[in-house]
Q: 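A single structure is presented below for examination.
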Amino acid sequence: MTPEEVGERLVALLATDDPEQGPVTAEVSGGGPGHARAVVDVPPARWWFAAEVARDAAALGCDFFDWLSAVDELDGGFSVLAHLWSTGRRHGVLLRTRVSREHPEVESLVELYPGAAWHERETFEMFGITFARHPDLRPLLLPPEFEGHPLRKEFVLAARVAKPWPGAKEPGESEGGAAKRAPMRPPGVPDPNEWGPLKGKVPPPETPARPARGERPVRPAGERPVRPAGERPVRPAGERPARPARPVRDTPPTEETD
């Protein structure tokens, strides 16, 4: 089945006359031939049911759970995505739903796909999205005392401010004493003079002042050496070699006609 056919079939299987269930739409992702996927958007209340229909052998037969993650959409909440694959029919589908920022919760897929357990745990600690009915929703990568969710866009990346960074961070910060440019902070990294243990103690970076226009020193008129008039040899008029005559190309004889 093509990605278009996969999306149309899943939308048809999830169709309902109840407007409160929410719309189900499909599109095709980019990537070119062999990499495009059907992307099916479902409301959060039908997330688990959509995965169950996609797994059904009589529907799409997506028996393999590939991955699950999320995207921070800022004021739009969070997009939760799960990629499912059919090992027998060699096609896949990307399920996508949108949860609110105030109540980021969606139902767990562990009952359908046990392999989703670790993916949901990682998404929970990185984005703060709760997966209802997950059997063991505890931290996977971060220590238990860690506060916050690092992949949220409002999370402050303060590691380079709170802890000295080993080695040189920017060109010119090594001990060689080379020229140093103004430091550039990546998005999310606060100014050490405004946040952290060095707040209010970091002097502003020194930038070399550029000379104003018109301050370029003027060279005295007599400083540039002048070439004497008779220093360059002058070729006599008769010594220029004559150009050889261009050879005349012989033309084949033509037959004369009466």
Side-chain angles (χ1 to χ4, degrees), residues 29-31 37 39-45 47-48 50-51 64-85 92 94-171 173 181-202 205:
S29 69
R37 290 287 180 272
V39 183
V40 179
D41 289 281
V42 300
W47 173 254
W48 190 91
F64 177 73
F65 178 87
D66 192 6
W67 55 266
L68 180 145
S69 188
V71 178
D72 188 348
E73 307 288 357
L74 295 176
D75 294 339
F78 299 94
S79 293
V80 183
L81 306 95
H83 184 246
L84 311 176
W85 180 256
L94 187 66
L95 289 182
R96 182 171 61 186
T97 190
R98 183 72 65 88
V99 297
S100 66
R101 204 169 195 86
E102 295 76 18
H103 304 286
E105 182 175 347
V106 71
E107 199 165 1
S108 172
L109 301 181
V110 174
E111 183 179 341
L112 296 172
Y113 299 98
W118 285 17
H119 298 254
E120 292 178 350
R121 287 173 58 187
E122 180 186 21
T123 305
F124 166 69
E125 66 179 347
M126 293 294 175
F127 292 93
I129 300 173
T130 302
F131 292 87
R133 299 193 304 112
H134 191 286
D136 188 20
L137 201 60
R138 56 188 173 88
L140 176 67
L141 302 174
L142 303 175
E145 65 274 9
F146 189 90
E147 297 181 1
H149 307 286
L151 292 187
R152 287 194 174 193
K153 291 183 178 179
E154 76 271 11
F155 185 81
V156 177
L157 303 175
R160 288 178 57 169
V161 178
K163 183 179 180 181
W165 197 263
K169 295 176 289 186
E170 302 288 346
E173 291 188 354
R181 69 179 184 186
M184 300 177 61
R185 295 191 307 276
V189 176
D191 188 344
N193 202 31
E194 300 176 357
W195 188 95
L198 300 178
K199 181 178 180 180
K201 303 178 182 179
V202 181

Q: For the residue pair L68 and A82, what are the closest heavy atoms and their distance?
A: CD1-CB, 4.0 Å
Q: Which residue pairs pass the salt bridge (charged side-chain N to carboxylate O under 4.0 Å, His left out) test when at least one of the two sits in residues 138-151, sequence neighbours left out?
A: D136-R138
Q: Got a second to check how far E125's CD is from L140's CG, nearest 0.5 Å?
A: 5.5 Å
Q: Test side-chain contact (heavy atoms from CB on, under 4.5 Å) on Y113 and L84; report intermediate values, then the result.
A: CA-CA 10 Å; Y113 299 98; L84 311 176; 3.7 Å; yes
Q: Quick one: side chain to side chain donor-acceptor pair (under 3.5 Å) pairs with a partner in residues 98-110, sequence neighbours left out?
A: D72-R101, S79-R98, R101-E154, E107-R133, S108-E120
Q: I'd like to check the side chain to side chain contact (heavy atoms under 4.5 Å, CB included) partners of P150; sequence neighbours left out, ordered by chain and number.
A: M126, L142, F146, F155
Q: Could you check if a side-chain atom of V80 sits within less than 4.5 angstrom of a side-chain atom of T123, using non-hydrogen atoms only?
A: no
Q: Can you tell me how far the CZ atom of F65 sits from the CG atom of L112, to the nearest 0.5 Å?
A: 10.5 Å
Q: If you round to the nearest 0.5 Å, how far is OG1 of T97 from CH2 of W48?
A: 15.5 Å
Q: If the condition is side chain to side chain contact (heavy atoms under 4.5 Å, CB included), which residues does W67 pass it with, not counting sequence neighbours?
A: S69, L81, H83, L94, H119
Q: Counting C-beta onward and ignoring hydrogens, is there a side-chain heavy-atom pair between L109 and W47 closer than 4.5 Å?
A: yes
Q: Over all heavy atoms of both residues, which pair between A50 and L95 is shortest? Give the atoms and the distance, please.
A: C-CD1, 4.0 Å
Q: Could you work out, with side chain to side chain contact (heavy atoms under 4.5 Å, CB included) as the rule, every residue matching P104, not counting sequence neighbours?
A: F78, V99, I129, R152
Q: Would a distance-only check, ignoring hydrogens and angles, find a side-chain to backbone donor-acceptor pair under 3.5 Å from R121 to P139?
A: yes
Q: How would you list, by chain and number, every residue that makes a salt bridge (charged side-chain N to carboxylate O under 4.0 Å, His left out) with D75, sequence neighbours excluded?
A: none
Q: Got V106 and F131 here, is their nearest side-chain heavy-atom distance under 4.5 Å?
A: yes
